[in-house]
There are 2 protein chains.
Amino acid sequence: MASRAKATIFDIAREAGVSKSTVSLVLQGSGLIRPETASKVRKAIEDVGYVYNRGAANLRKAHSNVIGMVINDLTNPFFAELAVGMERVFQSAGIVPFIANTAENPVRQEEVLKSLMEQGVAGLIVSPARGTTPGAFRRIETAGLPVVFAMRRLPESRIPVIAPDNHRGAYLATAHLIGKGHRRLVFFGGSSDLVVYHERLGGFREACETLGIADRDALVVEGETSRRGGIACLETALAMAEPPTAALCFNDAVAFGAMLALRKRRLEPGADFAIVGFDDVAEAEHYMPALTSVAVDSAGLGERAAHVMLKMIQSRTTRAEDHIGAVNLVVRESCGPDRRTRNRNAGLGGAA
Amino acid sequence: MASRAKATIFDIAREAGVSKSTVSLVLQGSGLIRPETASKVRKAIEDVGYVYNRGAANLRKAHSNVIGMVINDLTNPFFAELAVGMERVFQSAGIVPFIANTAENPVRQEEVLKSLMEQGVAGLIVSPARGTTPGAFRRIETAGLPVVFAMRRLPESRIPVIAPDNHRGAYLATAHLIGKGHRRLVFFGGSSDLVVYHERLGGFREACETLGIADRDALVVEGETSRRGGIACLETALAMAEPPTAALCFNDAVAFGAMLALRKRRLEPGADFAIVGFDDVAEAEHYMPALTSVAVDSAGLGERAAHVMLKMIQSRTTRAEDHIGAVNLVVRESCGPDRRTRNRNAGLGGAA
DNA sequence: GCCTATAAATGGAACGTTCCAATAAATCAA
DNA sequence: TTGATTTATTGGAACGTTCCATTTATAGGC
């Protein structure tokens with residue numbers, strides 16, 4: 001429908017009876033142009049249906065205004081919220097973040113990273129896929145492109161990290177369980193290829209140790225970090241000779257799975273077996289029973305990551321401080337009343 | 001750490017002792033180059049830490065290999081799945097989709113669209129934000145850029161649409177409710193600025209009419225399309241002089257909210273009040289009680305949308321057929337047993 | 001009226017690619 | 001050997017911007 005070849009600043013220039021340089025200046029909002037000229041040009045821009053070619057512009061300008069966000073699992077609302085947090089701050093800085101999903105696949109991640117770089121992004125915020133190899137970011141580092149990791153870190157990397165205090169979160173949750181009178185606990189889900197797993201498991205172990213739970217009463221059942229994984233973990237745990245009575249779950253998805261499996265066995269989460277989740281996704285509050293979970297404020301971490309990135313770009317550095325976000329345990333119903341004074345009224349009214 | 005100025009094909013050419021044209025050919029995988037020369041060049045590429053500048057290339061090439069996906073609400077797993085479906089097919093076509101979130105905000109959408117165009121995308125897949133104005137896509141249409149709408153349509157637009165059969169889904173769900181013996185029904189959530197709302201409500205009304213429910217027994221309570229909205233809808237409905245006994249909800253989020261509100265009143269979803277959701281998000285299956293819902297296969301629709309886009313690009317057209325995806329009602333527990341033979345065992349074992 | 005200072009607009013080179021036309025080298029037919 | 005053909009390689013002109021150095025127009029001071 002429109003004129004075939006797409007319009008350029010030359011077309012605008014002809015239309016408005018000025019030079020291409022003038023058009024360029026108007027496009028950049030330079031104050032050097034006489035207002036009447038500027039509006040003449042702006043009219044011409046409308047008339048010819050011009051769309052700015054940022055690729056061409058970036059050829060001369062040092063930096064683009066796009067930032068890439070690489071997310072390992074978009075379908076997990078937890079990560080989606082991270083993305084939303086980042087977007088909020090980028091938007092107000094006039095930057096458009098492009099999100100790409102790696103679906104937890106390192107090969108895909110490689111492609112995505114490559115594509116983003118070729119596109120000339122100004123920086124990258126990455127929640128690395130599980131199993132990312134140590135060298136995966138070398139290319140990017142040598143290119144001098146600012147990168148920050150969000151939520152997850154890589155074992156030996158020097159790239160700044162924005163993440164929640166997983167160790168402390170796990171510690172708090174475990175202490176809560178022990179405080180409720182549980183003496184034989186289990187950690188559900190996750191596997192050792194994930195740094196986060198070690199952090200959370202570390203917190204669990206430290207709490208057990210500090211608060212007088214013997215090593216043989218601090219169990220671990222690895223598993224998928226999904227509802228399905230949680231179901232499997234619970235089955236495994238209850239099949240033990242001497243089953244635990246409470247579980248700290250790697251994340252909320254695992255916790256939901258575990259609660260589901262309890263229900264299948266006619267056991268009441270909270271009353272018969274205590275469950276704590278991790279991440280505190282929106283759903284946790286609305287579950288039956290409402291899930292006690294460690295809140296990590298992912299949107300807040302996303303905002304933080306975006307701010308750090310902005311600062312890095314501005315000061316043209318590739319270094320920044322790590323930021324460990326505060327966590328807090330939000331107590332709801334899934335751990336029931338104290339184990340010592342245990343009774344059967346698993347009521348509906350919950351804690352805030 | 002690396003050499004300051006970023007490497008170009010000239011640097012590679014010097015390093016490998018060939019001309020820039022040869023390097024360009026190698027980059028494009030042309031078969032015209034002698035294999036030994038090619039590998040010499042490839043080595044040089046590694047050595048200088050080259051990153052391809054797609055912006056520069058696009059200056060000459062007609063089309064880029066990036067496609068923009070504009071999503072109205074990333075935190076809704078329903079839309080996230082749509083994105084994942086699209087990604088699957090683009091990936092195998094060697095195309096990298098960039099996702100941008102509009103957070104249901106038309107102004108933001110405008111910005112995002114503009115930015116994507118400036119970036120020189122080859123096409124756009126859009127789930128338009130609520131309240132998108134008719135003219136919002138005129139710019140893009142006159143630019144001759146292929147666009148497809150996913151999940152949602154705009155009232156008077158000629159842009160092809162990939163969406164589920166909302167009308168039929170609502171019809172099926174309503175018929176199910178009526179089949180269970182309900183005689184006074186309500187439609188929960190949504191508002192009339194959404195085309196989808198009209199489609200679903202239309203199905204609800206048609207079923208009522210066809211199956212002998214009087215107009216005054218087919219109620220409507222508008223509301224937010226969220227859990228919170230669902231809670232409010234249920235309160236409103238039960239406060240009526242003659243309350244309904246079953247609800248078709250605009251989407252699953254509303255349904256979850258309604259069930260929650262029932263529970264708060266010590267009513268059992270299914271036994272005391274029947275609920276059907278729409279979209280069949282993953283969570284529906286795992287809820288207590290499991291939610292009966294209309295499955296729309298969003299990932300499948302995403303794949304479909306991507307295919308259509310690919311075809312449009314390939315045949316350089318801006319037109320395509322609409323595609324209305326099949327839906328099916330998946331019956332679980334939230335409508336309980338038949339109302340006529342009603343009893344109180346709201347058991348756990350559910351239908352597949 | 002002339003000179004200088006300021007404001008507004010412009011031409012040209014550069015950015016990193018692709019692609020065409022041209023060249024150089026190798027192979028073949030006679 | 002020569003010319004024709006094929007195979008590899010190359011220089012140069014685009015592509016659509018920005019930005020610097022100029023030029024041109026306008027105003028101010030005397």
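Everything numeric in this text was worked out from a predicted model, so none of it was measured. Every chain is numbered from 1 and lettered A, B, ... according to where its sequence line falls, protein lines coming before strand lines.
One finds a salt bridge joining B/E199 and B/R153 here, because a Lys/Arg side-chain nitrogen approaches an Asp/Glu carboxylate oxygen to under 4.0 Å. Salt bridge present: A/R152 and A/E104 bring a charged side-chain N and a carboxylate O closer than 4.0 Å.
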For residues 296-303 of chain A, which side-chain donor-acceptor pairs fall under 3.5 Å, sequence neighbours excluded?
residue, atom, partner, partner atom, Å
A/D297, OD1, A/G300, N, 3.1
A/E303, OE2, A/R88, NE, 3.0
A/E303, OE2, A/R88, NH2, 2.9

N/O donor to acceptor pairs below 3.5 angstrom from side-chain atoms of residues 111-122 of chain A, sequence neighbours left out:
residue, atom, partner, partner atom, Å
A/E111, OE1, A/R108, NH1, 3.1
A/E118, OE1, B/R54, NE, 2.9
A/E118, OE1, B/R54, NH2, 2.3

Extract all donor-acceptor atom pairs below 3.5 Å that involve side chains of residues 40-52 of chain A and protein atoms in other chains or at least two apart in sequence.
residue, atom, partner, partner atom, Å
A/K43, NZ, A/D47, OD2, 2.7

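Comparing the local axis fitted to the first five base pairs of the helix from C/dG1-D/dC30 to C/dA30-D/dT1 with the one fitted to its last five gives a bend of 50°, rounded to 10°.
For DNA chain D, the neighbouring residues in residues 17-27 of chain A, judged by any heavy atom under 4.0 Å, are A/K20, A/S21, A/S24. Contacts between residues 38-47 of chain B and DNA chain C, defined by a heavy-atom separation below 4.0 Å, involve no residue at all.
Sorted pairs that involve residues 63-74 of chain A and meet salt bridge (charged side-chain N to carboxylate O under 4.0 Å, His left out), not counting sequence neighbours, are lacking altogether.
Taking the 5' to 3' direction, DNA chain D first and last meets chain A under 4.0 angstrom from a heavy atom at D/dG16 to D/dC19.
Residues satisfying the salt bridge (charged side-chain N to carboxylate O under 4.0 Å, His left out) criterion with B/R34, sequence neighbours excluded, are B/E36. Annotation: ring-ring contact (aromatic ring centres under 6.0 Å, His included) contacts of B/F90 (sequence neighbours excluded): none. Evaluation of the ring-ring contact (aromatic ring centres under 6.0 Å, His included) rule for A/F149 yields A/F137 as partners, not counting sequence neighbours.
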Please tabulate the protein-to-nucleotide N/O contacts below 3.5 Å involving nucleotides 22-26 of chain C, giving atom names and distances.
none

